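Below is one structure, written out as structure tokens; comments come after it.
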Amino acid sequence: MGKMTVYHGSYTKIAQPKITYGKNTKDFGYGFYCTIIREQSQRWAKRYNTPMINTYTVRLNTDLNILEFKEMTEIWLDFIISCRQGTAHNYDIVIGAMADDQIYNYIADYIDGIITREQFWSLAKFKYPTHQICFCTKEALKCLTFVACEEVKL
């Protein structure tokens, strides 16, 4: 992977990204989340009163421990379930499709035994493509270079 541009939707300028730790677990665990899909970052930003898109360039360090899911698979699903349940992993960067709110509802239903794994996959077809990169460690954050921040027009 060479140089790429990524976006982070927020309510403020973030020139120095940090790992976000909180009570809510995310698809790929704790980290700083970005996407290569600008429209997706706009959707993330529009959750806030002053939606902002931060733009970064990324040069991935090949010495980092990187996990990339090229498609939604059983392994992707199991990894997300594990992370959402609070299980830590040792990856510096995780890349793959995002389990948006609707998809995560299906994951929760699967975990609770309401639907089967086969039913999950039938329901899990995305209406639009999604993508996320989780920078999980301080070393991973060093791959990011801040470019700009702009307000999203509502």
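Keep in mind that what you see is a predicted model, and the values were worked out from it rather than measured. Throughout, residue positions are numbered sequentially from 1 according to the sequence presented.
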* Residues which pass side chain to side chain contact (heavy atoms under 4.5 Å, CB included) with T87, listed by chain and number, not counting sequence neighbours -> S82
* **Residues which pass side chain to side chain contact (heavy atoms under 4.5 Å, CB included) with T20, listed by chain and number, not counting sequence neighbours** => none
* Residues which pass side-chain hydrogen bond (donor to acceptor under 3.5 Å, both in side chains) with N54, listed by chain and number, not counting sequence neighbours -> none
* To do: Only counting residues at least two apart or in another chain, list the ones meeting ring-ring contact (aromatic ring centres under 6.0 Å, His included) with F135.
  => none
* Asked: Can you name the residues that form a salt bridge (Lys or Arg N to Asp or Glu O under 4.0 Å) with D78, not counting sequence neighbours?
  -> R117
* To do: Can you sort out the partners of Q42 under side-chain hydrogen bond (donor to acceptor under 3.5 Å, both in side chains), two or more places apart, ordered by chain and number?
  => none
* With sequence neighbours excluded, what pairs up with E151 under the salt bridge (Lys or Arg N to Asp or Glu O under 4.0 Å) test? -> none
* To do: Could you tell me which residues satisfy salt bridge (Lys or Arg N to Asp or Glu O under 4.0 Å) with K142, sequence neighbours excluded, listed by chain and number?
  => E139
* Asked: Of all residues at least two apart in sequence or in a different chain, which pass the side chain to side chain contact (heavy atoms under 4.5 Å, CB included) check with Q85?
  -> I81, I111
* Y110: ring-ring contact (aromatic ring centres under 6.0 Å, His included) partners, not counting sequence neighbours -> none
* Among all residues two or more places apart in sequence or in another chain, which pass the side chain to side chain contact (heavy atoms under 4.5 Å, CB included) test with K18? -> none
* With a cutoff of under 4.5 Å between side-chain heavy atoms, which Ile, Leu, Val, Met, Phe, Trp and Tyr residues group with I53? -> Y7, V152
